[in-house]
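One structure below.
Note on naming: letters A, B, ... go to the chains in the order of the sequence lines (proteins, then strands), and numbering restarts at 1 for each one.
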Amino acid sequence: MSVYNFKASEAKWQKSWADKQTFKASEDVTRKKYYVLEMFPYPSGRIHMGHVRNYTLGDVVARYKRAQGFNVLHPMGWDAFGLPAENAAKLHDTHPAEWTYQNIDAMKAQLKTMGLSYDWDRELTTCHSDYYQHEQKMFLKFLKQGLAYRKESWVNWDPVEHTVLANEQVIDGKGWRSGAAVEKKKLSQWFLKITQYADDLLSELKGLERWPEKVRVMQDNWIGRSEGAKVFFERTDTDETLEIYTTRPDTLFGASFMAIAANHPIALDLAKDNADLKTFIQKCNALGTSQAAIESAEKEGFDTGLKVKHPFDNSIELPIYVANFVLMEYGTGAIFACPAHDQRDLDFARKYKLPVIAVVAPLDIVGTDQEQAWLDDFAQNSTEAFSDEGVAVQSEFLNGLGLKEAKAAAIAKLAEQGHGEGTVQYRLRDWGISRQRYWGCPIPIVHCDHCGPVPVPEDQLPVVLPEDVDLNVTGNPLDFHPTWKHTTCPTCGKDALRETDTFDTFFESSWYFARYTDPSSDQAFEAKKANYWLPVDQYIGGVEHAVLHLLYSRFFTRALKDCGYLDVKEPFAGLMTQGMICHETYKAADGSWLTPGEAEGRDDVTIGRSEKMSKSKKNVVDPERIINTYGADTARLFMLSDSPPDRDLDWTDSGVEGSWRYVGRVWRLFETFKNKLAALKAAQPENIDGEALAIRGRVHKTAHAVTQDLDKFHFNKAVARIRELTNTLEDFKLTDDVAQWVRREAFETIAVLINPLMPHLGEELWNMLGHTQLIAEAPWVQADPSLLIDDTVTIAVQVNGKMRGTIDVAKDCPKDEVEAQALALDTVIQAMQAKPARKIIVVPNRIVNVVV
RNA sequence: GCCCCUGUGGCGGAACUGGUAGACGCGCGGGAUUCAAAAUCCCGUUCCUGCAAGGGAGUGUCGGUUCGAUUCCGACUGGGGGCACCA
């Protein structure tokens, strides 16, 4: 028998799909739409296994939904702006555009070999002005709506690269590329007002039922809503007040000092003629933003000498410290410190010998004769703050109240006296979108000495990125371009300078899903089309985007809605986050990492545990090699077998071999029996019984179960069931007319079930069955409900909860009959040891348990 | 420190709303085919005990609820992830 020629087959069917435009999508209000989207790739030049997994998952969903009759939109494109292009361009002396477009060509060719059901006519490339011009307009619209604004803010500044670094690009306080100590620097930057939607972004999370709980929790934490109070403390030296935020207004009577951030206006003001304070502030700013630096930094403060009055008791005066642990970016940049009930405040208080006054005490101590001793001991000795639930003490009008009541009472009193009010705070900050980089979308603003920042008028858009730049400068190449930034002010006509910053590349990915709905429009997209296709029904990608990309997109969609672009506010109705691809690691005797290929055949190799595939550890497998050796279907099957999509997947050569074996096995099964099938569309025979009937039952049960599995994205289970069915059919050897009809039904079912997983093989099998249409156009299988129920069932029999045997009875057999049969079992009689049954539990069609 | 998830054979993983634990695959062992190999196919494979039939144990650990617990409840413990001077 010949062997399955996957190379010829895969090329043939890919050509067929392309020629027939099988996957071209268009709006059709008469059909239910289904929008499947995988996170678009950065065009790095070659696809990796993570892409293969991601796009396989998406393709299975797309093909399955198509078979079920949905009008499917399944597009692909390129997230093409970003720093790697600039770095690569410098390294290889090419242009970022050239490098990017070449990479896109290469990756597209690779993707085409995977047999993915994309509508390639909708392909988009974010670095093309056809795409980015629309986000310049969006930005200007946001500006008009008050959703974008300019503000001075602190950034991580790399003094060598002359650029701003994102937090994740700062490693141990140093720039990830230059290795230089990162500085905090104040820069004027553009911001988008994501905080305006904080409450909505948070509350709507509950409605995202088809999102992983994990991601919703992460976004919830990220938004970080907290309820508390603003409190105004009167200063003793001026009429001004010091405004603070606290979540524990109930502990106000335990206040022992105030702490303000190093960059708080009061501190900066005082530092003007206080050299020591200036030094202290500089020290705080030099403290890296890295987690390690923050964790290990000891609490330190600087006594300003200023004092405030306690809002509930004018006679109490509290000192103001500048403290290194107070953040300017959160709340008001100032706090009141209650050392007894906050660990940070306690650490600080012990160091600077400030009072510790407990104002909440454990429930079981309050009112007993131990109370005073506890309070005294706490004030003197405790080094651990008491932050549990308790009862308010030493707090005048709050005494005796629980935590919740005390908070409410304190806030009420503050409001009544005009000293404060209840308020809500978010951890979420506005989104800084300015980047001092070349390879991004230019921000359409002109800076005029007379008129300030002026939007570029609509008729002068787009502001196109110049191509003739010198990348070998330290800093932003756009800034060094000889002519580009020089222009005239759109308002007054005098000489002015263009903004040379570009957008954060998260900007592009925040709306690309909408552009796909109308990719060739000369507007961003037509609202009618966006409203038809959106939201994305199933979005699939890496969990590393759980917060930023997904939150920005949710915000952006709301902002677009408020600007009249479309009518939806949640972009992704369903989300699936895939796990990583892992592989064993190999280390040579000299400690260097080896690729799997290099490790083969060497005897000095230490095999390490399976870790995420990474270039640095060299434990990568090139998808192209796998597809060339085994075919796309084998690669796809491997991705879907065994591991559920959200878990990490271990890449093993033997596992791929297993998938490869299965592809050949199915093909051989069809080859073997292709002449022992009923004719195409032959009428169902009258009497199907015996083995043929049993086979039919299994076929329909499998179809039913696989459908349910695919609905829940349990691809590994679907694969297992399909394998089970093919195993069964290999043993089904009858060749009479009835058997031939049953076999055809079975084979057609298998082809349809396999198709979303392994589409080339699906087409090949369909073709072998005599079909002239593509299986990609064939409808999904419909299981016959009457074949899903057996007329006999196997029931387990237990004695005292221990399995002792099974009996076969008719379905819904009367209880006493089942009981009699169970008690007649030899193994049961033996296990009962002649003792009488005390109780017999019979669960119909399930189990019998005899208790002796 | 806080929050979330998770623990099943040598391995990846199945097991519907509490009802035959280990589907399916990998690996391993044995066999067939072959001059030999590759490829392919067949049988076995949770552990302990036994020649066998069989018996016993078993879903991280301990306890609880139940006729019956991988599944429900409590405590502990291992692993993974997120956030982190957020007041």
Side-chain angles (χ1 to χ4, degrees), chain A residues 1 3 212-222 224-226 228-229 244-249 251 259 261 287 291 293-299 323-327 329-338 341-345 347-348 387 425-429 543 546-547 582 610 637-638 641-644 646-650 652-659 661-662 664-665 668 705 708 714 716-727 730 794-807 827 830 837-843 845-852:
Chain A
M1 191 189 289
V3 184
E213 174 70 19
K214 178 169 77 162
V215 175
R216 285 185 285 172
V217 168
M218 281 162 74
Q219 293 212 354
D220 193 317
N221 290 340
W222 190 264
R225 188 190 142 100
S226 86
I244 63 100
Y245 172 74
T246 181
T247 56
R248 296 294 302 272
T251 63
L287 184 71
Q291 295 181 8
I294 289 164
E295 266 172 53
S296 55
E298 205 180 316
K299 307 267 174 296
N324 66 347
F325 66 93
V326 179
L327 305 172
E329 300 84 41
Y330 186 78
T332 61
I335 60 161
F336 91 86
C338 176
H341 306 295
D342 183 287
Q343 193 59 46
R344 293 159 300 184
D345 298 349
D347 294 345
F348 192 91
S387 48
Q425 275 289 327
Y426 296 93
R427 203 190 76 100
L428 182 71
R429 321 248 162 93
V543 73
V547 178
C582 301
S610 190
L637 179 62
F638 179 78
S641 308
D642 295 358
S643 295
D646 57 328
R647 288 208 213 166
D648 288 353
L649 178 147
D650 262 313
T652 60
D653 289 345
S654 52
V656 181
E657 292 278 349
S659 295
R661 263 199 300 276
Y662 182 69
R665 209 167 152 171
R668 244 176 284 119
Q708 288 192 327
H714 293 169
N716 55 327
K717 288 161 70 177
V719 169
R721 286 189 218 282
I722 297 170
R723 290 185 97 123
E724 231 173 344
L725 182 60
T726 47
N727 288 348
E730 280 170 352
T794 305
I795 290 179
V797 183
Q798 300 179 335
V799 177
N800 287 341
K802 241 175 216 163
M803 248 288 282
R804 292 299 171 183
T806 58
I807 50 173
T827 46
Q830 206 181 346
R838 281 199 289 136
K839 193 173 173 188
I840 299 173
I841 293 125
V842 180
V843 182
N845 302 323
R846 285 205 184 271
I847 205 161
V848 178
N849 190 8
V850 183
V851 185
V852 294

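B:C16 and B:U6 are spaced 15 Å apart, taking the P atom of each and rounding to whole Å. Atom P of B:U20 sits at a distance of 16 Å from the matching atom of B:C72, rounded to the whole Å. Rounded to whole Å, the separation between the C1' atoms of B:A14 and B:A23 comes to 5 Å. Spacing between B:G13 and B:G7 at atom P, rounded to whole Å, works out to 10 Å. Comparing the C1' positions of B:G1 and B:G56 gives a spacing of 47 Å, expressed to the nearest Å. The P atoms of B:G31 and B:C11 are separated by 26 Å, rounded to the nearest whole Å. Separation of the C1' atoms belonging to B:C4 and B:C67 is 37 Å when rounded to the nearest angstrom. The same atom, P, is picked in B:C85 and in B:C5; the two are 24 Å apart, to the nearest Å.
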Where do N or O atoms of nucleotides 37-46 of chain B meet protein N or O atoms at under 3.5 Å, pair by pair?
from, atom 1, to, atom 2, distance (Å)
B:U40, O3', A:Arg668, NH1, 3.3

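Residue A:Arg647 holds its CZ atom at 8.5 Å from CG of A:Asn716, rounded to the nearest 0.5 Å.
With sequence neighbours excluded, no residue forms a ring-ring contact (aromatic ring centres under 6.0 Å, His included) with A:Phe336. Residues satisfying the side chain to side chain contact (heavy atoms under 4.5 Å, CB included) test with A:Ala720, not counting sequence neighbours, are none. Residues satisfying the side chain to side chain contact (heavy atoms under 4.5 Å, CB included) test with A:Gln343, not counting sequence neighbours, are A:Leu346, A:Asp347, A:Glu384, A:Ala385. Under the side chain to side chain contact (heavy atoms under 4.5 Å, CB included) criterion, A:Ala259 pairs with A:Phe257, A:Ala323, A:Val326, A:Ile335, sequence neighbours left out. Not counting sequence neighbours, the partners of A:Asp342 by the salt bridge (Lys or Arg N to Asp or Glu O under 4.0 Å) test are A:Arg344. Looking at residues two or more places apart in sequence or on another chain, you find no salt bridge (Lys or Arg N to Asp or Glu O under 4.0 Å) involving A:Arg723. Not a single ring-ring contact (aromatic ring centres under 6.0 Å, His included) links A:Tyr245 to another residue, sequence neighbours left out. The side chain to side chain contact (heavy atoms under 4.5 Å, CB included) test applied to A:Val843 returns A:Ile841, A:Arg846, A:Ile847, not counting sequence neighbours.
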Original post:
In the 5'-to-3' direction, what one-character label does each nucleotide of nucleotides 9-14 of chain B receive under the scheme B = base within less than 4.0 Å of a protein heavy atom, S = sugar-phosphate only, - = no such atom?
Top reply: ---BSS

Subject >> Base versus backbone protein contacts along nucleotides 56-73 of chain B [heavy-atom cut-off under 4.0 Å; B, S, -] >> reply: SS---------BS-----

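Between A:Thr806 and A:Val797, the closest side-chain pair of non-hydrogen atoms is not below 4.5 Å. Between A:Thr726 and A:Arg665, the closest side-chain pair of non-hydrogen atoms is not below 4.5 Å.
OP1 or OP2 of B:G25 lies within a sub-4.0 Å distance of a side-chain N or O belonging to A:Asn727. Within the structure, a side-chain polar atom (N or O) of A:Tyr330 is placed less than 4.0 Å from OP1 or OP2 of B:A87.
Against the 90° criterion about 0, the sugar-base torsion of B:G44 places it in the anti range.
Where A:Ser226 and A:Met218 each meet RNA chain B at their nearest nucleotide, the meeting point lying more 5' is that of A:Met218.
Listed nucleotides: B:A21, B:C86, B:G19. Nearest to the side chain of A:Met803: B:A21.
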Subject >> Pairing string, 5' to 3', for RNA chain B - Watson-Crick or wobble contacts under 3.5 Å, brackets [ ] where pairs cross, | to another strand >> reply: (((((((..(((......[....)))((((((.......))))))((((....))))..(((((..]....))))))))))))....

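The distance from atom CD of A:Glu298 to atom P of B:C85 is 17 Å, rounded to the nearest whole Å. Between the C1' atom of B:A23 and the NE2 atom of A:His714 lies a distance of 15 Å, rounded to the nearest Å. Regarding A:Ile807, its CD1 atom lies at a distance of 14 Å from the P atom of B:U20, rounded to whole Å. Rounded to whole Å, atom P of B:C4 lies 17 Å from atom CD of A:Gln219. Rounding to whole angstrom units, CZ of residue A:Arg216 and P of B:C4 are separated by 14 Å.
A salt bridge between A:Arg721 and A:Glu724 is absent, with no side-chain N of the basic residue lying under 4.0 Å from a carboxylate O of the acidic one.
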